[in-house]
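I have placed the structure first, in the form of structure tokens, so that the comments after it can refer back to it.
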Amino acid sequence: MAMEVRGNGSTYKNAYADRMQAEQQKAQNAESGQKADQAAGQKPTRHDEYISSEKSGEKPNGLYHVGQDENGSRKIYYNDPKKAGRADGADRDGNEKTPNVNGDGPDNGEERCVANTDKVEREIRELKQKKQKLKQQLDAVSGDEKKTKELENKLAQVERELRQKDTDTYRKQKTSFTDK
């Protein structure tokens with residue numbers, strides 16, 4: 001099969017440079033169009049922007065600080081200016097505040113609760129006892145093949161269940177929490 005190509009190679013150009021030039025012109029036209037719109041009284045498009053509290057002139061809504069909890073671990077605390085006053089007993093504006101006498105302690109946004117794993121631990125303990133009893137029964141029954149096979153199946157099932165439940169993940173999932 002023969003093919004004939006007519007024309008010379010100089011007629012084909014790299015269109016990349018032309019496209020880049022066209023995009024730059026579009027961008028310039030768009031910018032000049034925006035400036036013209038602003039001059040005509042139209043509002044520019046809004047966009048999010050970070051403005052620091054010093055520039056805005058407003059007081060911050062709340063402050064975060066790093067502290068230690070009762071276990072000595074690092075924890076981030078939030079001081080809500082609406083709820084808690086300053087450490088010197090004054091509110092945000094510097095006015096003295098009367099102490100809350102009837103309150104049951106300072107409310108710093110923490111909730112206290114107690115984790116209880118007794119139910120899970122009891123379940124695991126019972127499975128271990130069941131496993132031990134099945135092993136003893138298996139040792140006691142040496143002649144009956146049917147009984148031996150049945151006890152081995154029960155023992156294998158208890159061991160599988162114990163392997164599944166005697167893990168930290170299972171304990172965490174089954175932990176019950178109550179308010180302190």
Side-chain angles (χ1 to χ4, degrees), residues 23 27 43-180:
E23 286 178 16
K43 294 182 180 178
T45 57
R46 298 192 63 176
H47 58 280
D48 290 338
E49 174 181 350
Y50 171 76
I51 300 174
S52 68
S53 58
E54 290 97 27
K55 288 183 182 178
S56 70
E58 294 179 14
K59 293 182 180 178
N61 292 338
L63 300 174
Y64 293 91
H65 71 276
V66 177
Q68 290 185 344
D69 62 1
E70 63 275 351
N71 299 331
S73 302
R74 294 179 116 198
K75 187 172 181 180
I76 297 175
Y77 293 97
Y78 172 69
N79 297 334
D80 191 356
K82 294 177 184 172
K83 288 186 180 178
R86 295 189 334 212
D88 61 0
D91 63 5
R92 245 174 107 172
D93 300 325
N95 302 329
E96 284 298 318
K97 216 171 108 173
T98 58
N100 186 3
V101 178
N102 295 333
D104 56 343
D107 183 21
N108 55 0
E110 291 183 3
E111 287 186 32
R112 300 278 181 168
C113 60
V114 177
N116 188 353
T117 59
D118 291 345
K119 203 182 267 188
V120 178
E121 295 299 331
R122 187 177 336 116
E123 188 177 352
I124 292 171
R125 195 177 328 111
E126 288 172 0
L127 281 172
K128 286 180 179 179
Q129 289 173 353
K130 189 173 181 180
K131 178 182 172 182
Q132 192 175 19
K133 285 181 185 176
L134 285 171
K135 281 186 177 182
Q136 289 174 354
Q137 287 177 359
L138 191 60
D139 290 341
V141 178
S142 58
D144 193 6
E145 208 174 291
K146 184 179 178 184
K147 187 81 167 170
T148 304
K149 193 144 189 117
E150 182 182 322
L151 287 173
E152 284 175 348
N153 287 339
K154 284 183 182 179
L155 183 64
Q157 194 243 340
V158 168
E159 285 176 341
R160 279 193 304 269
E161 195 173 345
L162 191 59
R163 264 196 313 268
Q164 176 190 2
K165 292 182 178 181
D166 196 9
T167 62
D168 289 338
T169 306
Y170 185 79
R171 282 185 179 89
K172 287 178 185 176
Q173 289 173 348
K174 300 299 179 179
T175 300
S176 61
F177 294 95
T178 56
D179 291 336
K180 190 172 182 181

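Just so it is clear, the values below take in all heavy atoms, side chains as well, and ignore hydrogens, waters and symmetry mates.
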**Prompt:** Arg112: what forms a side chain to side chain contact (heavy atoms under 4.5 Å, CB included) with it, not counting sequence neighbours?
**Reply:** Glu70, Glu110, Lys180
**Fill in**
Sequence neighbours excluded, the answer for side chain to side chain contact (heavy atoms under 4.5 Å, CB included) partners of Asn71 is Asp69, Ser73
**Request:** Starting at OG1 of Thr169, measure out to NZ of Lys174 and round the result to the nearest 0.5 Å.
**Result:** 12.5 Å
**Fill in**
Interatomic distance, CD@Gln68 vs CZ@Arg74, rounded to 0.5 Å, equals 8.0 Å
**Item:** All pairs passing salt bridge (Lys or Arg N to Asp or Glu O under 4.0 Å) where residues 146-155 contributes a residue, at least two apart
**Value:** Glu150-Lys154
Table please: side-chain donor-acceptor pairs of residues 116-136 below 3.5 Å, with sequence neighbours left out.
from   : atom 1 : to     : atom 2 : distance (Å)
Asn116 : OD1    : Asp118 : N      : 2.9
Glu121 : OE2    : Arg171 : NE     : 2.6
Glu123 : OE2    : Lys165 : NZ     : 2.4
Glu123 : OE2    : Tyr170 : OH     : 3.4

**Message:** According to salt bridge (charged side-chain N to carboxylate O under 4.0 Å, His left out), who are the partners of Glu145, at least two apart in sequence or on a separate chain?
**Reply:** none
**Item:** With sequence neighbours excluded, residues passing salt bridge (charged side-chain N to carboxylate O under 4.0 Å, His left out) with Arg163
**Value:** none
